[in-house]
Amino acid sequence: MQVIIFDNAQQVAISAAEWVAELINKKSNPVLGLATGSTPISLYQELVNKHKAGELSFSNTTTFNLDEYLGIDEINAQSYRHFMNENLFDHVDIDKSKTFLPTCNQGENPRAQGLAYEDKIAQAGGVDLQILGIGANGHIGFNEPTSSLASRTRIKTLTQQTLDDNSRLFAADEFQPTLAMTMGIATILDARYVLLMATGKNKAKAVKDMVTGALSAVCPASSLQLHENAIVLLDKEAASELADQEYYIWANQQNLKINQEFGLYHNY
Ligand code: GLP
């Protein structure tokens, strides 16, 4: 895992946007894995800014989101489709027919829908770069603690902690879904690169478990320890419970030197 610690959340977003821009500018048909939640909003803002400045075109990009709620349709303001439209898709030149979320509408077979989503990702050539946030309980996507490390796209029942954490986004009398379709942990690990963003003190414990805890389904994000190209972008608060912070800062300086000398090499 490459752990990079920044002074603040804005720097995390700027760095994440550079990773995305590098992929999109380098590859003719890039496939981007996207995440929702509060954390990546500033990344999407940076990408919109780059697009408006004429630096970035999404016209050849295909996207796959990690997850989507069940029981609400896509025009519902709480749907992740709506979130993606509002925060990114409506402001850039992406072809929306190439933007996918793992949906399962009423009457559809969730198992078939999950398999179909996996097929669609495979047909697109696999995800080049998967953006991730992390839940305070260590979840990635909606893979809650004890999710199989070999899991594929399927329905998950949300934990009470996740429901409580996300309740801030719902009005008191608004329906809050308790089920979601999510890429599985194995689906996420298939991405060529994974880029996890975490900011704020409330993520510090999950970050510590992910980076230095045991590989365990109890902390789904610890599965990234198995990934060859996992990059973890943190602000100081999210990094605050990590031992050896100086080591990560020093190691990153060495990586920057290598990049300066030999250029970036990302094998997309
Ligand atoms: C949500 C999403 C995750 C996200 C996480 C953290 O429920 N399913 O993909 O990473 O919880 O969200 P936030 O960035 O708002 O803290």
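Order of listing sets the numbers, starting from 1, for every ligand and every atom in it. Each residue takes its place number in the sequence, starting with 1. FYI, side chains are in, hydrogens and waters are out, and symmetry mates aren't considered; it's all heavy atoms of this structure.
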| query | So between His139, Met197, Glu144, whose heavy atom ends up nearest atom 1 (C) of ligand 1? | reply | His139

| said: Using the rule given for side chain to side chain donor-acceptor pair (under 3.5 Å), can you reason through Asn137 versus Glu144, listing the C-alpha separation, both sets of side-chain angles and the distance that settles it, and then say yes or no? | reply: CA-CA 8 Å; Asn137 63 1; Glu144 297 285 33; 3.0 Å; yes

| Shortest protein heavy-atom distance from atom 6 (C) of ligand 1, along with the residue and atom involved | Ile134 O, 3.5 Å

| query | Are Thr187 and Glu118 close enough, and set up right, to give a side chain to side chain donor-acceptor pair (under 3.5 Å), and what steps lead you there? | reply | CA-CA 8 Å; Thr187 321; Glu118 296 282 331; 2.6 Å; yes

| note | For Gly133, the atoms of ligand 1 under 4.0 Å from one of its heavy atoms are 10 (O)

| task | Work out whether the distance between some heavy atom of Met183 and some atom of ligand 1 is less than 4.0 Å. | result | no

| field | atom 8 (N) of ligand 1: the protein heavy-atom neighbour that sits closest, reported with distance to 0.1 Å | value | Asp67 OD2, 2.9 Å

| message | Between ligand 1 and Thr162, is the shortest N or O to N or O distance under 3.5 Å? | response | no

| Between Gln123 and Asp119, do the side chains contain an N or O donor and an N or O acceptor separated by less than 3.5 Å? | no

| message | Quick test of your reading of the structure: of Gly37, Ala221, Ala206, Gly141, whose heavy atom lies closest to atom 12 (O) of ligand 1? | response | Gly37

| query | Where does Asp165 meet ligand 1, judged by heavy-atom distances below 4.0 Å: at the side chain, the backbone, both, or neither? | reply | neither

| side chain to side chain contact (heavy atoms under 4.5 Å, CB included) evaluation trace for Met84 with Thr63 | CA-CA 11 Å; Met84 290 312 307; Thr63 66; over 6 Å; no

| message | Quick test: of every protein heavy atom, which one is nearest to atom 4 (C) of ligand 1, and how far off is it to 0.1 Å? | response | Thr36 O, 3.9 Å

| In the hydrophobic clustering (ILVMFWY, side-chain contacts below 4.5 Å, transitive), which residues join Leu179, or is it alone? | Leu70, Ile155, Met181

| Which one of Gly135, Ser38, Ala136, Ala198 has a non-hydrogen atom at the shortest distance from atom 15 (O) of ligand 1? | Ser38

| message | Angle between ring planes, Tyr80 versus Phe83, binned at 30° and 60°: parallel, tilted or perpendicular? | response | perpendicular

| task | Provide the number and element of each atom of ligand 1 under 4.0 Å from a heavy atom of Thr39. | result | 13 (P), 14 (O), 16 (O)

| No-hydrogen, no-angle side-chain donor-acceptor test under 3.5 Å, Ser79 and Glu74 | no

| So Tyr117 and Phe64, would you call those rings parallel, tilted or perpendicular, with 30° and 60° as cut-offs? | perpendicular

| Ring geometry between Tyr193 and Tyr268 (parallel below 30°, tilted from 30 to 60°, perpendicular above 60°) | tilted

| query | Which bit of Ile140 is near ligand 1, meaning a heavy atom under 4.0 Å away: side chain, backbone, both or neither? | reply | neither

| said: Heavy-atom pairs closer than 4.0 Å: do any link ligand 1 to the side chain of Arg168, the backbone, both, or neither? | reply: side chain

| task | Using non-hydrogen atoms of the residue, decide whether Lys203 is closer than 4.0 angstrom to ligand 1. | result | yes

